[in-house]
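Take a look at the structure set out below.
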Amino acid sequence: MTSSPGLLAYLLIPLFTAVAIPFAARFRTRMADVLANVTLLAGLLNLSLLLFDPANADSSFSAIPDDGFSLLMVFVIYLVGLCVTFFSTYFMEEGSGVARAPYFALIMTSVSAMCGIVTTGDFFTLYIFIEVLAVSSFALIASGERTGGLEGAIKYLLLTFPASLFILLGVAFLMLTAGTFSFEGVKTLVASGMPAGGTVFAVSLLLLGFLIKSGVVPFHAWTPDAYEGAYSPVSAFLAGIVTKIAGVYAVIKIAIILRLFDVKTCPAADILMFLGMLSIAVGAVAALRQNELKRMLAFSSISQVGYIVLAAGIGTPLAILGAIFHLVNHATFKTTLYLNSASLEKGAGTSDMTKLGGMEHSMPWTSWTSVVALMSTAGVPPLSGFWSKLLIIVALWDGGARIYAVLALLFSIVTLAYFMVMQRKVFFGKPTEASRAAREVRPAMLAPVVAMSVLIVALGVFFPYIYAYLVDTVAARIIL
Amino acid sequence: MTASFSLDWFFISLIFVAGLYGMMVSRSLLRQFISLEIMSKASLLGLISAGAKTGNLALAQTFIITMIVIEVVVVAAGLALLVKNYRLTGSIDVWSLNKLKG
Amino acid sequence: MTYHNLLFILVVLSAVAAVMARDLLLNALMLALVSVGTALLLFDFQAPWAGVFELSVCAGLITVLFVSAVSLIRREDGKVEDSRARFRAMPLVMGIAAIALWLYGIPFFEALENWSRFSDRTASLGTIIWDTRRFDLVGQVSMLAAGVLVIRSIFPRRKK
């Protein structure tokens, strides 16, 4: 059933850890986070050895098991997972209301479920793992003492469960008209050129479900609430990876399957591109008006998802590569920003942007890592975000959607503008009362964000290697 | 009147519409969950109808069994959230979920 | 096959009742009726295993969950000021939906029926569960694990 059986271990081991954590935590509570961190670190090291072996480039990545997209996604999942668990180990310290053992066990379950989502090659299995992920994220959002978390979790539930039902109806129609659920099977069916009306209808229903789950604009109501209300490290987990894997990953997969660039008559592509553009615009404009840092980041996240969906809509190989790379970049910079907002909450006691100012004096590390991540989001040249946006815009221009290309470029400038405004307000300028009293958080909490910032710079500098990886493993093996 | 496929789906869509309407007009969270359950019953019947039509009955049954397991866990999680929210705020009104705004 | 269609009508009617009923307990019981109707339909579709699961788990367990939630909430201010007019309008809406679906839905589903392709799978239920869909079982196991953890996380045990 898996498209890449070699990756099964990355799914099963976190699941075992998740089951083991409550038992281990009976003896010592700290065993919970030790176990979670060790498991994720081991997996991450293993994956890095596989991915970043310099010999790869010479052998055109023949050492990589067949599906490069899944492998890259598993790497990102482990990376974000490790950053979040490591951060929350120290964040949680002062006896908050969070139950330690279930919290870390749930993070491990969701890591396992996400690995299931990216390794499976079958729509129904995808549905199962998405539900596992959704259920564990309800509880993660609701952990912590504020009632905002519960509110966000309930809103998430009320929107994500109907979306799952659309996915199920899509599966039913797929059973009726295609008789197969595997990505490969549907892809051959669509590519074989036979009139695939029913199959396309089924896949469109699936697409609708995944679009609701990824929070593009008409369906974005839950995203800011869930991100803002969630327990702070959980927002990083949620924004960085969970909603992206639950929705956007599947949208990219479907774009690959439908071969949107061949079947240009298919209106699904136009709708996808329109929704993508709408999310970019609405997200960017709404982000300008926010005062609460986490809420602003949530709207910027909607806007970035818009870029990915727009690229998936044009559907050429180059655009898909851009979408995948932007997904990876989004995970790195959004995790950094959300973890930093959690640090701000802890160090300065607030994440309200009107009360913050001149943070570079009191919290230099937090400020400068945020600035790196912000510049990457806005697409400033040497950083990784620039390359993925460039790929997407070039692909749009080549694919004939020139208006969209120009608009995407314009809104990328708007992104830069609102981040400039925000940097001015929060990190530079005159220190306010709250920021004079602020203290830098402990080094252990800075380690994940510093590592992520290094990665952002490295992904930008070593872009040729990444591009070669994407071309050789994704474009050559999956798309064509 | 024979049991035809399109008639099955006529009823299935009616059940789905009933659930959807319930979700849209109701303000009680519990009633919203019940409407969700009704919608999920509709998609369950859709699966079995498609399976019976194409001779995939065994496969459809496997899917339904899996789906029921998932449904139970989702409902349990949802009700747990609802009860906790009720304990903290004393209300199960959807409109009381308005502390986060922007 | 009148029995089949009558069952469907029963499910539709109890679904409408489950949404419309004023009392939360009645809502939950009507949902149980929907489940029972669905289970009977599953038996009628020659899907006994799914029917048994539906009857025991959905009509049984989920109803118990809903009823216990209702009894936890009911006492004081479980009543929410719903506008009853919208609920009274429901039969009308359902009627309109039924007519619209009869006119536009049925031709659409007939077209879909023409797209259908028959499978030549003859595998039994057991083979499919344990061999073809083995990966789904991993998903089910992690779902159950997640369920237990979710409950433990939402209602943490108080330390003494």
Side-chain angles (χ1 to χ4, degrees), chain A residues 124-125 127-128 130-132 134-139 141-142 145-162 164-179 181 202 205 222 224-229 286-287 289-292 294-296 298-299, chain B residues 5 9 12-13 16 19-20 23-24 29 32-33 35-56 59-60 62-64 66-67 69-71 73-89 92 94 96-102:
Chain A
F124 191 71
T125 321
Y127 159 77
I128 297 173
I130 281 183
E131 287 300 280
V132 177
V135 166
S136 23
S137 29
F138 299 152
I141 297 171
E145 277 166 333
R146 292 183 300 170
T147 50
L150 270 175
E151 186 182 328
I154 291 176
K155 280 183 181 162
Y156 184 38
L157 186 141
L158 287 180
L159 266 154
T160 196
F161 199 45
S164 313
L165 296 179
F166 282 116
I167 295 171
L168 263 182
L169 281 180
V171 168
F173 283 124
L174 216 52
M175 170 150 34
L176 187 72
T177 56
F181 308 99
L205 268 179
W222 60 272
D225 292 341
Y227 291 179
E228 189 193 342
R289 298 171 36 232
Q290 303 301 321
N291 279 327
E292 164 70 35
K294 279 167 91 178
R295 208 169 171 85
M296 192 208 83
F299 279 108
Chain B
F5 173 79
W9 274 91
I12 289 167
S13 354
F16 200 83
L20 206 60
M23 266 207 82
M24 284 196 285
L29 272 177
Q32 293 219 332
F33 285 159
S35 310
L36 268 179
E37 273 299 286
I38 291 170
M39 281 160 78
S40 89
K41 289 289 172 297
S43 33
L44 188 151
L45 285 170
L47 268 177
I48 197 72
S49 158
K53 178 74 198 167
T54 55
N56 273 324
L59 190 61
T62 343
F63 282 5
I64 286 178
T66 315
M67 198 188 139
V69 171
I70 289 172
E71 216 178 295
V73 177
V74 171
V75 166
L79 288 177
L81 286 176
L82 182 148
V83 168
K84 192 171 184 191
N85 187 50
Y86 174 72
R87 280 187 190 164
L88 291 178
T89 64
I92 55 165
V94 181
S96 72
L97 298 177
N98 56 3
K99 282 178 284 306
L100 304 172
K101 271 268 162 67

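Since we're looking at a predicted model, the values are computed, not measured. Proteins come first, then strands; the chains are lettered A, B, ... in the order of their sequence lines, and each starts at number 1.
Take A:F173 and apply the ring-ring contact (aromatic ring centres under 6.0 Å, His included) test, not counting sequence neighbours, and it matches A:F201, B:W9.
Heavy atoms closer than 4.5 Å to chain A are found nowhere in B:A80, neither backbone nor side chain. Contacts between B:I70 and chain A at a heavy-atom distance below 4.5 Å involve the side chain alone, from C-beta outward. Both the backbone and the side chain of B:K84 come within less than 4.5 Å of a heavy atom in chain A.
Residues A:T160 and A:F138 have side chains in contact (heavy-atom distance under 4.5 Å, counting atoms from C-beta outward). Contact annotation: the side chain of A:P224 never approaches that of A:Q290 to less than 4.5 Å [non-hydrogen atoms, C-beta and beyond].
By number of non-hydrogen pairs under 4.5 angstrom with chain A, the leading residue of B:G46, B:S40, B:G78, B:G19 is B:S40. Counting heavy-atom pairs under 4.5 Å between each of B:L20, B:L47, B:L44, B:I48 and chain A puts B:L47 at the top. Here A:L165 is the residue among A:V171, A:T177, A:L165 with the most heavy-atom pairs under 4.5 Å with chain B.
Listed by first and then second residue, the salt bridge (Lys or Arg N to Asp or Glu O under 4.0 Å) pairs that reach into residues 38-47 of chain B are B:E37-B:K41, B:K41-B:E71, B:K41-C:E54, sequence neighbours excluded.
Taking the six-membered ring for Trp and thresholds of 30 and 60 degrees, A:F124 and B:F63 have nearly parallel ring planes, at less than 30 degrees apart.
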